Amino acid sequence: MKRVLITGAAGFLGSHLCDRMIKEGYHVIGMDNLLTGSLKNIEHLFPLKEFEFYYHDITKYIHIPSELDYILHFASPASPIDYLKMPIQTLKVGALGTHNVLGVAKSKQARILVASTSEVYGDPLVHPQYEEYWGNVNPIGPRGVYDEAKRFLEAITMAYHTFHKVDTRIVRIFNTYGPRMRVEDGRVLPAFFSQAIRGEGLTVFGDGGQTRSFCYVDDLVEGIYRLLLSDYTQPVNVGNPDEITIGAFAEEVIALVGNPKARVIYKPLPIDDPKIRQPDITKARAILGWEPKVPRAEGLKRTFEYFKEEVKVPQNA
Ligand code: UDP
């Protein structure tokens, strides 16, 4: 049985990757310090002998007693609100944490796939964003702690690849959604669903004209799995190119949830909020034979089922 270490195992993406790797017949070692992750996301795995959980902060030395074949490095706060609240931890996990995890990959001779992000493109000046674009990032803005940590993650991963011959993969993940996103995570989809379900105003930032392209989590996991098993060591965008304005997205959520009290309200646009974002997935199509399969209407329906259970509605609502 092949063994895989998954950092950030109790998070949104990490927990879905745990499920997938177990389904594919791997032994999974999940690691998380539960800063933004939740044991609820992986508690169904605890009875399985194919699953072990280590409560650990990867910015500290990582000790894995057994052999490893693969590492999926997904530990990091990923919501703008989270990394605004935890700027130092965000920088540390992307830099010191990634260094430690690469050290584990080197000593175990394990293949490692690291989670990068569309944020490496910053507020992009080319559209859609292809992998050769170097980005437009403000290093000292509020998002800089995440963007630069992930840019460092890519740099140190390539350095370990070229200098130490570590077998590396880099995925650049665009906006992803689905069950197990945290209700209070602050990202647009949990915010809009919880507000619509509670019958509150949906907080559209700015004039709602900024765009994002949302990928359903199962599609993303499929792309990551294919990249892990591929031979390609340059960064690959994985995301859904179906782009929508945030204003139109709010209307879609309102229509789906069907709460007559839900409506749009406007709030100031956060500093450095990217105005446009859409992945160019030419590489993922050609190299991985991958493209997203779940349309937004279907993905949102599945995600609504989850949020219906998770969102607490106040008595007087
Ligand atoms: N956004 C919004 N209302 C919210 C949360 C986010 O209008 O309550 C907007 C935000 O300004 C951004 C987009 O939705 O333009 C996506 O934000 P998110 O925090 O999900 O992630 P990002 O793609 O910016 O990293």
Side-chain angles (χ1 to χ4, degrees), residues 11-13 36 74 76-87 90 94 115-124 127-129 135-138 141-151 153 171-217 220 237-254 257 259 262-279 296 299-300 303 307 311:
F12 166 46
L13 297 181
T36 56
F74 278 71
S76 177
S79 149
I81 301 241
D82 284 341
Y83 47 79
L84 218 63
K85 275 192 296 205
M86 298 177 276
T90 302
S116 185
T117 164
S118 55
E119 282 283 327
V120 298
Y121 303 121
D123 189 3
H127 194 68
Q129 293 78 53
N136 178 39
V137 172
N138 174 4
R143 302 172 83 103
V145 293
Y146 183 67
D147 302 7
E148 297 295 3
K150 289 294 189 180
R151 288 168 69 100
L153 163 142
V171 60
R172 289 190 182 146
I173 299 170
F174 283 66
N175 293 69
T176 302
Y177 69 99
R180 300 188 192 155
M181 291 187 97
R182 250 166 55 229
V183 173
E184 306 301 338
D185 139 318
R187 278 184 283 192
V188 67
L189 186 134
F192 284 179
F193 265 111
S194 53
Q195 290 158 346
I197 291 168
R198 291 180 187 133
E200 298 167 357
L202 276 70
T203 50
V204 169
F205 297 162
D207 64 3
Q210 70 274 31
T211 68
R212 293 295 185 272
S213 309
F214 297 98
C215 184
Y216 189 66
V217 63
L220 188 93
N237 289 340
V238 177
N240 189 325
D242 186 6
E243 187 179 3
I244 184 171
T245 66
I246 294 302
F249 185 60
E251 296 301 339
E252 282 190 0
V253 173
I254 288 173
V257 173
N259 185 336
R263 71 212 177 278
V264 164
I265 58 173
Y266 292 93
K267 297 266 172 169
L269 190 67
I271 298 166
D272 294 340
D273 198 284
K275 287 180 269 309
I276 42 174
R277 184 181 289 157
Q278 187 202 120
R296 198 171 52 249
L300 287 183
T303 310
F307 279 111
V311 174

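One-based numbering, in listed order, for ligands and for the atoms of each. Residue indices begin at 1 and follow the sequence shown. Because the structure is predicted, anything quoted here is derived from the model rather than measured.
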Q: Report yes or no: do Tyr177 and Arg296 form a side-chain donor-acceptor pair below 3.5 Å?
A: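 No, no side-chain donor-acceptor pair sits under 3.5 Å.
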
Q: Would you give the length of the straight line joining atom CD of Gln278 to atom CG of Asn175, rounded to the nearest 0.5 angstrom?
A: 12.0 Å

Q) Which protein residues have a heavy atom closer than 4.0 Å to any atom of ligand 1, listed by chain and number? A) Pro80, Glu119, Arg143, Asn175, Gly186, Arg187, Val188, Ala191, Phe192, Thr203, Val204, Phe205, Gln210, Arg212, Ile246, Pro270, Asp273, Arg277

**Q.** Candidate pair Phe174 and Phe214, rule ring-ring contact (aromatic ring centres under 6.0 Å, His included), full reasoning
**A.** CA-CA 7 Å; Phe174 283 66; Phe214 297 98; over 10 Å; no

Q.
For Glu119, run the salt bridge (charged side-chain N to carboxylate O under 4.0 Å, His left out) check against Arg212, Arg172, Arg277 and tell me which one passes.
A.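 For Glu119, the salt bridge (charged side-chain N to carboxylate O under 4.0 Å, His left out) test succeeds with only one of Arg212, Arg172, Arg277, which is Arg277.
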
Q | Short side-chain to backbone donor-acceptor contact, Asp272 and Arg143, under 3.5 Å | A | no

Q | Tyr216: which of Thr303, Thr176, Asn240 passes side-chain contact (heavy atoms from CB on, under 4.5 Å) | A | Thr303

